[in-house]
Amino acid sequence: MITTKLQSLEYHMIEKDLQLEDKIIALTSAIENLSKSVEKMTWVVQQNGDTTNHLTFNGKFIAQNLTALQRDMREVLAGQQMLVTRQELVNETLSSVPRAIKYTTCATLPFRTSGVYIIQPETPFKEPMTVLCDQEYDSGGWIVIQHRFDGSTNFYRDWKEYKNGFGQLEGEFWLGLDRIHQLTTSKPHELVILLEDFDGNSTYARYDLFEIGGESQMYELLKIAGYAGTAGDSLSELKGMKFTTIDADNDIWEKNCALHYTGAWWYNQCHKSNLNGQYLKGETKEFATGMVWQTFRGYHYALKSAKMMIRSNVKND
């Protein structure tokens with residue numbers, strides 16, 4: 001019954017969207033007609049010496065149209081407010097679903113629109129979490145765990161921030177090692193990494209299995225296997241590595257890789273990938289300090305965008 005109500009809610013929202021689009025089209029047409037009327041009035045005023053009657057008539061016409069336009073504008077603004085709160089209504093509805101039937105992941109959501117949702121990972125983790133769901137790439141169901149595309153968020157951060165997450169889900173962000181651990185431990189997950197350079201080239205790396213340990217294990221990269229893609233494999237060699245940040249040196253190099261390469265990652269000594277490195281915008285003289293995927297553009301090229309996403313993997317469940 002709750003699922004049916006959710007589907008009904010989504011249907012009514014879509015219906016309201018279509019009605020709003022019709023209102024906007026009608027409003028645009030009314031504005032165009034009003035503009036033409038004003039132009040006509042101006043011409044009449046210029047061409048006739050006795051303009052009083054014309055002016056009065058057109059003034060009434062304009063007043064009537066402005067009243068109608070004000071009414072339509074109020075309806076449009078109300079519709080815009082409805083669109084702004086649409087996501088909040090969905091999340092509020094999801095949060096009220098009894099625990100026994102809460103959605104465990106993006107793949108089980110009845111909504112096919114990408115956006116921010118509340119999910120409830122499976123036991124033993126009891127708390128729900130808010131995530132960004134990508135419902136478009138490869139049939140959807142993906143939880144975005146990292147997203148960078150414009151350099152607006154600083155990724156050179158400490159252990160606590162990488163543990164808890166930072167940034168905004170609607171912009172650039174890191175979901176948080178605790179959440180990534182909870183998700184990948186609850187059931188088998190696959191990982192896909194979408195990359196783009198500043199020349200318009202897009203590529204990807206996909207792994208059938210991805211899992212990290214908890215904080216007591218320093219969020220060790222426990223499972224990374226089954227590579228496929230066009231970007232080349234710049235991650236599998238880091239299997240078994242612990243996570244390193246500027247204030248937590250867990251790599252196997254004599255120095256701190258995170259400090260030396262201005263990032264945070266599952267470094268060994270040190271890396272072929274550094275997706276939390278500096279946002280340097282393309283070719284750079286710096287060696288491996290940028291947002292690097294070595295098998296795609298090498299160590300002297302900082303990528304434009306990186307998007308890491310996970311999805312429960314039925315094949316390995």
Side-chain angles (χ1 to χ4, degrees), residues 102-109 111-125 127-149 155 162-196 203-215 217 219-231 233-236 238-243 264-266 273 275-276 291 293 305-317:
K102 278 185 181 290
Y103 300 105
T104 58
T105 184
C106 293
T108 59
L109 286 168
F111 310 103
R112 295 294 89 194
T113 303
S114 297
V116 178
Y117 296 95
I118 298 172
I119 63 170
Q120 172 70 69
E122 293 186 354
T123 55
F125 307 104
E127 296 299 321
M129 65 176 71
T130 304
V131 297
L132 175 62
C133 296
D134 187 309
Q135 303 292 61
E136 300 168 8
Y137 181 79
D138 189 29
S139 302
W142 297 94
I143 298 173
V144 184
I145 62 173
Q146 185 252 33
H147 197 194
R148 303 183 71 184
F149 52 88
F155 274 69
Y162 270 95
K163 165 187 164 70
N164 296 325
F166 55 84
Q168 300 295 324
L169 293 177
E170 296 83 359
E172 293 195 327
F173 71 92
W174 173 261
L175 184 62
L177 291 164
D178 268 353
R179 295 187 182 92
I180 298 170
H181 164 62
Q182 291 176 20
L183 291 164
T184 58
T185 303
S186 66
K187 59 172 58 178
H189 275 70
E190 59 182 318
L191 166 72
V192 67
I193 301 173
L194 307 180
L195 304 171
E196 183 183 3
T203 189
Y204 74 98
R206 191 163 177 171
Y207 300 87
D208 288 338
L209 280 176
F210 172 72
E211 180 183 338
I212 69 170
E215 187 171 20
Q217 300 165 287
Y219 302 109
E220 179 183 338
L221 185 55
L222 298 175
K223 296 178 182 178
I224 185 73
Y227 165 79
T230 56
D233 184 4
S234 290
L235 189 59
S236 291
L238 301 180
K239 180 181 179 181
M241 295 297 104
K242 298 175 174 60
F243 203 82
W265 201 244
W266 295 276
S273 54
L275 297 185
N276 293 329
M291 190 165 68
W293 192 267
S305 67
K307 191 176 187 180
M308 300 176 66
M309 306 190 295
I310 58 175
R311 180 172 68 178
S312 56
N313 191 339
V314 178
K315 293 184 296 182
N316 295 284
D317 201 343

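Just so you know, residue 1 is the first one in the sequence shown, and it goes up from there.
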Beyond-backbone contact of Cys106 with Asp134, side-chain heavy atoms, under 4.5 angstrom: no

Expected output: side-chain Ser273 to main-chain Ser234 donor-acceptor under 3.5 Å: yes

Interatomic spacing from CG in Leu177 to CH2 in Trp266 - rounded to 0.5 Å: 6.5 Å

Under 3.5 Å: donor-acceptor pair, side chain of Asn313, backbone of Asp208: yes

Heavy-atom donor-acceptor pair, Arg311 side chain to Ala107 backbone, under 3.5 Å: no

Side-chain donor or acceptor of Trp293 paired with backbone N/O of Leu195 under 3.5 Å: no

Side-chain donor or acceptor of Glu211 paired with backbone N/O of His189 under 3.5 Å: no

Donor-acceptor pair, side chain of Arg179 and main chain of Asn164, under 3.5 angstrom: yes

Between CE on residue Met291 and CZ on residue Arg148, distance to nearest 0.5 Å: 5.5 Å

Pairwise distance CG(Asp233) to CD1(Ile193) - rounded to 0.5 angstrom: 9.0 Å

Heavy-atom side-chain proximity of Phe155 to Gln146 below 4.5 angstrom: yes

Heavy atoms from other residues, nucleotides or ligands near CD of Gln217 exceed 12 (cutoff 6.0 Å): yes

Between NZ on residue Lys223 and OG on residue Ser236, distance to nearest 0.5 Å: 14.5 Å

Side-chain donor/acceptor of Thr203 to backbone N/O of Ala231, under 3.5 Å: yes

Straight-line distance of Asp138 CG to Glu190 CD, nearest 0.5 Å: 7.5 Å

Matching residue for Leu221 among Trp265, Phe210, Phe243 - test: side-chain contact (heavy atoms from CB on, under 4.5 Å): Phe210

Side-chain heavy-atom pair Leu175, Val144 within 4.5 angstrom cut-off: no

Polar side-chain atom of Gln182 near backbone of Glu127 as donor-acceptor pair, under 3.5 Å: no

Any side-chain heavy-atom pair of Gln135 and Leu109 under 4.5 Å: yes

Short side-chain to backbone donor-acceptor contact, Asp178 and Ile180, under 3.5 Å: no

Any Ile119 side-chain heavy atom under 4.5 Å of Ile143 side chain: yes

Pair Tyr162-Trp174, ring pair (Phe, Tyr, Trp, His ring centres under 6.0 Å): steps then yes or no: CA-CA 7 Å; Tyr162 270 95; Trp174 173 261; 5.4 Å; yes

Sole residue of Thr105, Val131, Thr184 in side-chain contact (heavy atoms from CB on, under 4.5 Å) with Ile310: Thr184

CE-CG distance between Met308 and Leu191, expressed to the nearest 0.5 angstrom: 5.0 Å

Side-chain touch Leu194/Met309, heavy atoms, less than 4.5 angstrom: yes

Nearest heavy atoms of Tyr219 and Ile212, plus distance in Å: O-CB, 3.9 Å

Mutual orientation of the aromatic rings belonging to Tyr207 and Tyr227 [parallel < 30°, tilted 30-60°, perpendicular > 60°]: tilted

Non-hydrogen side-chain atoms of Glu172 and His147 separated by less than 4.5 Å: no

